[in-house]
Amino acid sequence: MTGVEELLLSRIRDVADYPEPGVMFKDITPLLADPAAFTALTDALAEIAGRTGATKIVGLEARGFILGAPVAVRAGLGFIPVRKAGKLPGATLGQTYDLEYGSAEIEVHAEDLSAGDRILIVDDVLATGGTAEASIQLIRRAGAEVAGLAVLMELGFLAGRTRLEPALAGAPLEALLQV
């Protein structure tokens, strides 16, 4: 484990039985409150953006906004929020995806993406991969290329990586921490 990984992991708090009994929630707010840890996280994700040749960062609602916006600034790239349906004004492009019980929809302003864009998707956690998979489909439908997906932590026991690999079609999936 690298020093950065140790620092990041040391600032993530486990909260038992949240949001329901039996769940161990990984709270990143202590990491965000620590300037050294937040800077290390931003630098690590910005390095991934550079390595993938990304031209823009997409952040997934809501913690992907918190992580993705400073990464975009650090890497000198634009930032595009992918929001829950109904949150963006004007014309949007939407993508529906299935949840364990029901479905959800995400949206983006399609004019923010173009055929020459290489998009790095940034989020805090890769769990089952449903939202990330929908964002990959949305980005491609808007005409842009997916340069990769970068997350702070991957919950390996939920098999999100297995679900996403076909959708990523060879683009890298990078998790700074495996939990």
Side-chain angles (χ1 to χ4, degrees), residues 1-84 87 99-100 104 106 108 118-136 139 146-165 168 171-179:
M1 184 175 287
T2 69
V4 169
E5 290 170 332
E6 287 178 12
L7 174 62
L8 297 177
L9 199 54
S10 75
R11 300 304 188 271
I12 297 171
R13 179 176 56 155
D14 287 341
V15 180
D17 299 320
Y18 182 83
E20 58 188 51
V23 173
M24 181 63 72
F25 185 78
K26 300 293 187 182
D27 180 15
I28 67 166
T29 59
L31 187 157
L32 300 174
D34 180 321
F38 196 14
T39 298
L41 172 59
T42 301
D43 289 346
L45 292 172
E47 190 275 326
I48 293 169
R51 199 168 60 241
T52 62
T55 61
K56 292 182 181 167
I57 302 293
V58 157
L60 303 182
E61 188 165 338
R63 289 181 297 268
F65 299 170
I66 297 168
L67 303 186
V71 168
V73 170
R74 180 67 45 89
L77 305 175
F79 176 78
I80 301 167
V82 167
R83 306 274 333 249
K84 294 175 183 170
K87 301 289 185 181
L99 300 169
E100 187 175 353
I106 55 174
V108 68
R118 289 182 45 81
I119 306 299
L120 178 66
I121 302 163
V122 173
D123 206 2
D124 65 329
V125 175
L126 172 60
T128 63
T131 306
E133 183 179 38
S135 70
I136 292 166
I139 289 162
V146 176
L149 171 64
V151 297
L152 166 58
M153 65 184 132
E154 177 180 354
L155 306 179
F157 63 94
L158 293 175
R161 181 177 294 268
T162 302
R163 176 182 184 163
L164 289 177
E165 284 177 342
L168 283 165
L173 190 170
E174 299 202 35
L176 300 177
L177 301 172
Q178 301 282 335
V179 180

* Asked: How would you list, by chain and number, every residue that makes a side-chain contact (heavy atoms from CB on, under 4.5 Å) with D14, sequence neighbours excluded?
  -> M24, K26

* Between L152 and L177, is a side-chain contact (heavy atoms from CB on, under 4.5 Å) present by the stated rule, with each step listed? -> CA-CA 6 Å; L152 166 58; L177 301 172; 4.1 Å; yes

* Asked: If you look at every heavy atom in G53 and R118, which pair is closest and at what distance?
  -> O-NE, 3.3 Å

* To do: Could you check if a side-chain atom of L164 sits within less than 4.5 angstrom of a side-chain atom of L126, using non-hydrogen atoms only?
  => yes

* Asked: Of all heavy-atom pairs between G64 and D123, which one has the smallest distance, and what is that distance?
  -> N-OD1, 3.4 Å

* Asked: Does a side-chain heavy-atom distance below 4.5 Å link V4 with L176?
  -> no

* Measure the CD1-CD1 distance between I66 and I28 for me, rounded to the nearest 0.5 Å. => 6.0 Å

* **ring pair (Phe, Tyr, Trp, His ring centres under 6.0 Å) contacts touching residues 24-62 (sequence neighbours left out)** => Y18-F25

* Please report the shortest heavy-atom distance between L8 and L41, naming the atom on each side. => CD2-CB, 3.8 Å

* Asked: Atom CD1 of I119 and atom CG of L149: how far apart are they, to the nearest 0.5 Å?
  -> 12.5 Å

* Minimum-distance pair of heavy atoms, taken over all atoms of S135 and L60 -> CB-CD2, 3.6 Å

* Go through the steps to decide whether L67 and V151 satisfy the test side-chain contact (heavy atoms from CB on, under 4.5 Å), and finish with yes or no. => CA-CA 9 Å; L67 303 186; V151 297; over 6 Å; no

* To do: Report the residues that fulfil side-chain contact (heavy atoms from CB on, under 4.5 Å) with R163, sequence neighbours left out, ordered by chain and then residue number.
  => T128, E133

* Structure fact -> D124 meets the salt bridge (charged side-chain N to carboxylate O under 4.0 Å, His left out) criterion, sequence neighbours left out, with R63

* Asked: Is there a donor-acceptor pair closer than 3.5 Å between any side-chain N or O of T39 and the backbone N or O of A36?
  -> no

* Asked: Can you tell me how far the CG atom of L173 sits from the CG atom of L168, to the nearest 0.5 Å?
  -> 5.5 Å

* **For E165, side-chain contact (heavy atoms from CB on, under 4.5 Å) partners two or more places apart** => R161

* For P81 and F65, work out which heavy atoms get closest and say how close. => CB-CE2, 3.7 Å

* Are the side chains of V82 and E61 in touch, meaning some heavy atoms are under 4.5 Å apart? -> no

* Please name the pair of heavy atoms, one in L77 and one in A54, separated by the smallest distance, quoted to 0.1 Å. => CD2-O, 3.5 Å

* Could you list the residues that satisfy side-chain contact (heavy atoms from CB on, under 4.5 Å) with E174, not counting sequence neighbours? => I48, R51, P172

* Starting from the C-alpha separation in whole Å, work towards a yes-or-no answer on side-chain contact (heavy atoms from CB on, under 4.5 Å) for M1 and L9. => CA-CA 10 Å; M1 184 175 287; L9 199 54; 3.8 Å; yes

* Contact check, side chains of I121 and I139, non-hydrogen atoms, under 4.5 Å -> yes

